[in-house]
**Q** 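Mind having a look at this structure? Questions to follow.
In listed order, ligands and their atoms are each counted from 1. The chain is numbered in sequence order, starting from 1. The shown structure was predicted, so the numbers you read here are calculated from the model rather than taken from an experiment.
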Amino acid sequence: MNVEKIELNGFRNFEWETAEFSSHTNVIFGKNAQGKTNLLEAIYLLSCGHSFRTSGDRELVHFDYDSAQLMAQVFSGGRQQNIRMEIRAGKKTVQVNSVRKAVGDLADTLKTVLFCPEDLSLVKEGPQVRRRFLDTAISQSRPAYRDLQKSYREYYIQKKQILKDWRDIPSLLDTLDIYSEGICRLSAKIIRYRASYILRLAQEAGKIHREFAKGEDLALQYQTISTVTDPFASEKQIYYEICDHQEAHRKAELESGKCLTGTHKDDLAIQINGRDAKAFASQGQTRTAALSMKLAEREIVLQENGEYPVLLLDDVLSELDAQRQEFVLNRISEGQTFITCCADDNISRRTGGRVMQVQEGRFL
Ligand code: ATP
Ligand code: MG
């Protein structure tokens, strides 16, 4: 799939701009603070409905405007499709081929994989970052998983509220078990999705990483609720194992006011050459591992959908040594890619792609 054309009106520092892109590599260059990342953010937003930089929709609208319109003509699923998003008064509305859609369903039309400097946090920061990565990746190809996540969030918020307020309003405890049971039931389903995704991710990322980092071994392992003996077991077995955990932690939940059982605490352990990457990986190893995971995500989208997602590389190529740059450029010879950088550095010549300069929110 690829983005053929984009129109941005009042989005970030783009007042009224249109651009057409190559279906292969697009090198977007320009000085700092001109709009390069803003363009990638627009494409990302049209693929999954949220920004990778902010959850505040007002920030996405140009300072001097009260609404933003984003339009993209994409080639996806063997046909040309049109996506339109309007951001107004803190709300997004979306149309695909002139039909109103839920923001979360945009991924059915356009899928992206983004890699930006902040993605080093995938290796170095807490589990929340890795859960978000997993959830975004699985949701792109599995609409049922999006619904599961939505229900899970609702149950989790309600249960947290009960655990917080039950001392003041004891009658709240009447419904606590309903929410705990719901969380166990949904967790059992989520675990099976995450386990099978991580298995594929580990295989693909391991292969890519070995080539990328000359034989270095990257291992990814799913970590979930301690009583779950096999995350690939039947939903029923997993459910009962989670219920055991819930039962054992019921008192502690009431005392601490925290929700202690559920997939909201899952993690993805990352090891390089048998050692915990969070603790021991160097800057370069961290970058390579994170990029291997993103390139693996891209391969999985291809396997699932028969077409590559659009790859967005923000400011990352210049951080790699020549050999690793070459590896990435070779890998992206198929599929559409957007690469931002401050100077072209011969990237366009090496990829044969299209070069565009961005200056003060305008394409030159
Ligand atoms: P760098 O090379 O430093 O990463 P960049 O070209 O990627 O730069 P962007 O992050 O795209 O830069 O931002 C470009 C400019 O957009 C910044 O100067 C920023 O102030 C401006 N900007 C951000 N949000 C808005 C907005 N809502 N309205 C107008 N301008 C904005
Ligand atoms: Mg930038």
Side-chain angles (χ1 to χ4, degrees), residues 3 5-22 25-72 84-94 103 110 112-122 129 136 283 286-287 290-291 294 310-320 325 328-329 332 336-348 351 353-364:
V3 180
K5 195 172 160 186
I6 201 162
E7 195 179 315
L8 303 173
N9 302 331
F11 176 77
R12 293 280 193 188
N13 68 337
F14 290 99
E15 292 195 49
W16 185 268
E17 279 298 295
T18 310
E20 289 183 22
F21 304 111
S22 155
T25 311
N26 296 276
V27 177
I28 315 293
F29 82 100
K31 294 191 184 133
N32 292 132
Q34 301 304 308
K36 304 183 297 293
T37 304
N38 292 346
L39 170 65
L40 264 49
E41 187 181 33
I43 298 171
Y44 185 88
L45 190 61
L46 291 170
S47 76
C48 62
H50 61 88
S51 162
F52 56 88
R53 298 206 282 193
T54 177
S55 54
D57 285 346
R58 184 63 189 89
E59 283 176 43
L60 301 171
V61 179
H62 190 289
F63 301 140
D64 305 336
Y65 289 56
D66 58 14
S67 71
Q69 288 84 34
L70 298 83
M71 268 80 71
R84 193 189 143 87
M85 176 185 281
E86 180 166 67
I87 309 167
R88 183 186 290 273
K91 279 186 74 174
K92 298 187 199 97
T93 45
V94 167
V103 171
L110 177 64
T112 55
V113 169
L114 165 80
F115 189 67
C116 60
E118 290 77 28
D119 280 324
L120 300 187
S121 65
L122 203 53
V129 183
T136 309
Q283 283 272 5
T286 303
R287 188 172 291 113
L291 188 49
K294 293 291 179 137
V310 176
L311 182 64
L312 308 171
L313 298 177
D314 191 21
D315 241 355
V316 286
L317 224 50
S318 56
E319 300 291 328
L320 299 173
Q325 273 193 16
V328 176
L329 294 178
I332 61 172
Q336 189 183 35
T337 308
F338 288 81
I339 302 175
T340 69
C341 48
C342 286
D344 180 10
D345 280 343
N346 277 332
I347 296 168
S348 55
T351 57
R354 176 165 190 177
V355 190
M356 297 176 84
Q357 188 178 354
V358 178
Q359 192 179 314
E360 293 179 1
R362 309 218 56 170
F363 298 105
L364 300 186

**Q** Could you work out, for atom 27 (N) of ligand 1, the closest of D315, I28, V61, N32 by heavy-atom distance?
**A**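 Looking at heavy atoms only, V61 sits closest to atom 27 (N) of ligand 1.
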
**Q** Classify the ring geometry of F52 against Y44: parallel below 30°, tilted from 30° to 60°, perpendicular beyond 60°.
**A**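 Correct class here is perpendicular.
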
**Q** With backbone taken as N, CA, C and O and side chain as the heavy atoms from C-beta onward, which portion of D64 lies under 4.0 Å from ligand 1: side chain, backbone, both, or neither?
**A**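 None of D64 does.
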
**Q** Minimum distance, heavy atoms only, to atom 10 (O) of ligand 1: which one of E59, R53, Q359, E41 is it?
**A** R53

**Q** Taking backbone and side chain together, does T37 place any N/O/S atom at a distance below 2.8 Å from the Mg ion (ligand 2)?
**A** yes

**Q** Hey, is ligand 1 close enough to F63 that some N/O pair sits below 3.5 Å?
**A**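 Right, the criterion is met.
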
**Q** Is ligand 1 less than 4.0 angstrom away from at least one heavy atom of G30?
**A**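 No, that is not the case, since the closest heavy atom of the residue is not under 4.0 Å from the ligand.
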
**Q** Would a search of protein heavy atoms around atom 19 (C) of ligand 1 find one under 4.0 Å away?
**A**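 Given the 4.0 Å cut-off, atom 19 (C) of ligand 1 does not count as touching protein heavy atoms.
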
**Q** Quick test: of every protein heavy atom, which one is nearest to atom 21 (C) of ligand 1, and how far off is it to 0.1 Å?
**A**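 Checking every protein heavy atom, the shortest distance to atom 21 (C) of ligand 1 gives N13 CB, 4.0 Å.
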
**Q** Considering the heavy atoms of T37, write down every atom of ligand 1 situated less than 4.0 Å from one of them.
**A** 4 (O), 5 (P), 7 (O), 10 (O), 11 (O)

**Q** Heavy atoms, side chains only, cut-off 4.5 Å: are L329 and I339 in contact?
**A** yes

**Q** Can you check whether Q69 reaches R84 side chain to side chain, under 4.5 Å on heavy atoms?
**A** yes

**Q** Can you give me the closest heavy-atom contact between L313 and V328, atom names plus distance?
**A**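 In terms of heavy atoms, the two residues are closest at CD1-CG1, 4.1 Å.
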
**Q** Hey, are the side chains of N13 and E360 touching, using non-hydrogen atoms and a 4.5 Å cut-off?
**A**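 A side-chain contact under 4.5 Å is absent here.
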
**Q** In a check of side chain to side chain contact (heavy atoms under 4.5 Å, CB included) between L70 and each of I87, L60, I6, which one passes?
**A** I87

**Q** Are any of the N/O atoms on L60, whether in the backbone or the side chain, positioned under 3.5 angstrom from an N/O atom of ligand 1?
**A** no

**Q** Provide the closest heavy-atom pair for Q34 versus G30 in the form atom of the first, atom of the second, distance.
**A** CG-C, 4.4 Å

**Q** Answer yes or no: is there a donor N or O on one side and an acceptor on the other, between the side chain of K36 and the main chain of K31, under 3.5 Å?
**A**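 Checking the backbone N and O of K31 against the side chain of K36, a donor-acceptor pair under 3.5 Å is found.
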
**Q** Quick test: of every protein heavy atom, which one is nearest to atom 16 (O) of ligand 1, and how far off is it to 0.1 Å?
**A**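 The closest heavy atom on the protein side is N38 ND2, 3.1 Å.
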
**Q** Is at least one protein non-hydrogen atom found at under 4.0 angstrom from atom 7 (O) of ligand 1?
**A**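 True for atom 7 (O) of ligand 1.
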
**Q** Pick one: which of L40, T337, L114, L110 meets side chain to side chain contact (heavy atoms under 4.5 Å, CB included) with V310?
**A** L110

**Q** Relative to the heavy atoms of Q34, which atoms of ligand 1 are at a distance of less than 4.0 Å?
**A**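 Near Q34, meaning under 4.0 Å from one of its heavy atoms, ligand 1 has 5 (P), 6 (O), 12 (O), 14 (C).
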
